[in-house]
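See below for the structure under consideration.
Reckoned from all heavy atoms, side chains included, excluding hydrogens, waters and symmetry mates. Letters A, B, ... are given to chains in the order of the sequence lines, protein chains preceding strands, and every chain is numbered from 1.
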Amino acid sequence: MQGGSFPVARDESSVIEYGCATAGSISESNGLMFWLGYDTEGVTSIVLTEGGNPTRVSTTEIESLFQKYSVVNDARSFMYWMNGILFYQINFTIENASFLFNLKTKSWTRLVFKDNERQRGDCIALFNGKNYMGDYENPYIYDFSVDYHTDNNVSIKRKRVTNVFYPNKGQPFICRYLRLICEQGVGLENGQDEIPKILVRISRDNGATFGNQIHLNVGRLGQTMIKTEIYRLGLFEYGSIVLEMEFYNFTRFNLIKAFVEFS
Amino acid sequence: MKVELPINGGYEKTDPLQFVPSDTVNLYLDMTPTKESVLSSTAGLNLENGISLSTQGAVRQLYSSKLTEYLFSVVGNIIYAIDSGLNYIFGIKIGTDQGYVGVGETVDEMLMVDGVKGYVINKETLVFTEITDPDFPSLPKDVVAFGNRFYVIDNSNAYYSGVNDGLSWNTLNKFTITSYPDTIVAIKVLDGRLYLLEPVA
């Protein structure tokens, strides 16, 4: 630094070897700071520091998406606590994409509004014990909570595509049934969400293509003994299975595990 | 034979998909106390229990002041103060209606910059004032409070305010990065240190 008598002095030990794409990508909370950075090789990634050397927290898959983006300096980010977990969210408006990083499990999630739009929020603040989120297009400040199962009465698309499994060590198998273990009995008292359903599609070619959608009942309100199962799935000639599960109901959704029985 | 499929995980999708098709949308991966993984619903939005403002434009900034009972919001080109009953009070009209807004807070004041001008909010009186000191940076990009002063950056320098006074600036009270000079992108405080961030490592 240069100049006269300063209230601050340079600390040579605190040089961070990561550039920053834009101020809007920086978020700080609980002694942590995230931003969209560039390393000395020019790779765009999300980095995290507690004051010392930053670490990359984005995966190579997310970074490969960033490399394809034409604009990243419109990024906006924020951090918040929800259900005892600290999250970092970053949004790209021109690229219409949002990502959420979970600091507890160090995992990433895509966030979408409607089918494939970026999530609505561009800023957040904890006020009156609640999280309030500001809309990126409209003058709306939402109450933001896991107690709400819609985006202001717009259905939230929840989706999971699994990794490729080889239940029979890569050998062909005949699947007798698939059972999903999820939270049951969460249907609404009446209306179209009285009987929530998981929409399942199955891939037999490592996720390249999927078959027809099958609707699986997860139970009316209080109905917690439903078998969320598909029977007689037939031959898996290439020995692999991938599941795609979607959920659109205005209710809570928790997906726990799945079992297959095969021969 | 019955086997469990470990279905839970995050977004890991590769190109080509056949390597790793794993995708997770609007679900987050959590771990139960018994070390079982679960995918749970991300949070939703509710406007009925929020605020719909009459100003046109996006919500550019929300800031919950540590030492007042107000939530401060920049919506379009207006700064509002919002009380605990979610009633909003017009603060001041600012010169821009889009883009990043930086916020800093000292014990007595808040300072917001919108890339063109700076605005000081007296937290006790709730008076909103545009900074007209000619020594205030002409293109203020970001601001933090550090100690009892505000620090504001433009593309080249960081400037600091008078003690406990965001309306008082002196053009000589500035510093810059000499080791790796480049455009300054942001200024932040972390772990008791002030950081200036540049675009390139």
Quiz item: Which bit of A:T49 comes within less than 4.5 Å of chain B, counting heavy atoms only: side chain, backbone, both or neither?
Solution: both

Exercise. Report yes or no: does B:S161 contribute a side-chain atom to a donor-acceptor pair with the main-chain N or O of B:G166 at less than 3.5 Å?
Key: no

Practice problem: Identify whether the distance between the nearest side-chain nitrogen and carboxylate oxygen of A:D11 and B:R193 falls below 4.0 Å. | Solution: yes

Self-check item: Interatomic spacing from CD1 in A:I156 to CZ in A:F113 - rounded to 0.5 Å
Solution: 9.0 Å

Self-check item: Largest heavy-atom contact set with chain A, pairs under 4.5 Å, which of B:I78, B:I51, B:V75
Solution: B:I51

Quiz item: Using non-hydrogen atoms only, which part of A:E28 is less than 4.5 Å away from chain B: side chain, backbone, both, or neither?
Solution: side chain

Self-check item: Interface moiety of A:N163 toward chain B, non-hydrogen atoms closer than 4.5 Å
Solution: both

Quiz item: Any ion pair linking B:E130 and B:K117 (charged N to carboxylate O, less than 4.0 Å)?
Solution: yes

Exercise. Tell me, for A:T162 versus chain B, whether the close heavy atoms (under 4.5 Å) come from the side chain, the backbone, both or neither.
Key: both

Practice problem: Please state whether the side chain, the backbone, both or neither of B:L86 comes within less than 4.5 Å of a heavy atom of chain A. | Solution: side chain

Quiz item: What part of B:N26 is in contact with chain A, defined as an atom under 4.5 angstrom from a non-hydrogen atom: side chain, backbone, both or neither?
Solution: both

Self-check item: Contacting region of B:F72 [heavy-atom separation from chain A under 4.5 Å]
Solution: neither

Quiz prompt | Structural part of A:R76 lying under 4.5 Å from a heavy atom of chain B | solution = side chain

Quiz item: In terms of heavy-atom pairs under 4.5 Å, which option from B:L53, B:V38, B:N46, B:T24 contacts chain A the most?
Solution: B:N46

Quiz item: Who in residues 255-263 of chain A is close to chain B, using a strict under-4.5 Å heavy-atom cut-off?
Solution: A:L255, A:I256, A:K257, A:A258, A:F259, A:V260, A:E261, A:F262

Self-check item: Side chain / backbone / both / neither for A:L100 at chain B, heavy atoms under 4.5 Å
Solution: side chain

Self-check item: Max heavy-atom pair count under 4.5 Å with chain B, selected residue of A:I26, A:V146, A:I181, A:D151
Solution: A:D151

Quiz item: Residues in ring pair (Phe, Tyr, Trp, His ring centres under 6.0 Å) with B:Y11, at least two apart?
Solution: none

Practice problem: Go through the atoms of A:M82 and report whether side chain, backbone, both or neither lie under 4.5 Å from a heavy atom of chain B. | Solution: side chain

Self-check item: Structural part of B:D182 lying under 4.5 Å from a heavy atom of chain A
Solution: neither

Self-check item: Structural part of A:Y177 lying under 4.5 Å from a heavy atom of chain B
Solution: side chain

Quiz item: Do you know which of A:A125, A:G37, A:S145 has the most heavy-atom pairs with chain B at a distance under 4.5 angstrom?
Solution: A:S145

Quiz prompt | chain A contact via B:D83 - side chain, backbone, both or neither, heavy atoms under 4.5 Å | solution = backbone

Quiz item: Using a distance-only test with no angle check, is there a side-chain donor-acceptor pair under 3.5 angstrom linking A:N254 and B:S40?
Solution: yes

Quiz prompt | Contacting moiety of B:I7, where chain A heavy atoms sit under 4.5 Å | solution = both

Quiz item: Tell me, side chain or backbone of B:E4 under 4.5 Å from chain A's heavy atoms, or both, or neither?
Solution: both

Quiz item: What part of A:F78 gets closer than 4.5 Å to chain B, counting heavy atoms only: side chain, backbone, both or neither?
Solution: neither

Quiz item: Hey, would you say the B:F128 and B:F90 ring centroids sit under 6.0 Å apart?
Solution: no

Exercise. Could you tell me whether a side-chain N or O of A:S155 sits under 3.5 Å from a main-chain N or O of A:Y248, the two making a donor and an acceptor?
Key: yes

Quiz prompt | Partner set under ring pair (Phe, Tyr, Trp, His ring centres under 6.0 Å) for A:F247, not counting sequence neighbours | solution = A:F253

Exercise. Please look at B:V185 and chain A and tell me whether the side chain, the backbone, both or neither of the residue comes under 4.5 angstrom of a heavy atom of that chain.
Key: both

Quiz item: Counting a contact as any heavy-atom pair under 4.5 Å apart, which residues of residues 95-107 of chain B contact chain A?
Solution: B:G99, B:Y100

Quiz item: If you count heavy-atom pairs under 4.5 Å with chain A, which of B:S54, B:G192, B:A186, B:A43 comes out on top?
Solution: B:A43

Quiz prompt | Interface moiety of B:T32 toward chain A, non-hydrogen atoms closer than 4.5 Å | solution = neither

Quiz item: B:R60 versus chain A, heavy atoms under 4.5 Å apart: side chain, backbone, both or neither?
Solution: backbone

Quiz item: Which bit of A:N83 comes within less than 4.5 Å of chain B, counting heavy atoms only: side chain, backbone, both or neither?
Solution: side chain

Practice problem: Answer with side chain, backbone, both or neither: which region of A:E244 has an atom nearer than 4.5 Å to a non-hydrogen atom of chain B? | Solution: neither

Quiz item: Does any heavy atom of chain A fall under 4.5 Å from the side chain of B:N8, the backbone, both, or neither of them?
Solution: both

Quiz item: For chain A, which of B:Y70, B:Y63, B:Y28, B:F146 has the most heavy-atom pairs under 4.5 Å?
Solution: B:Y28

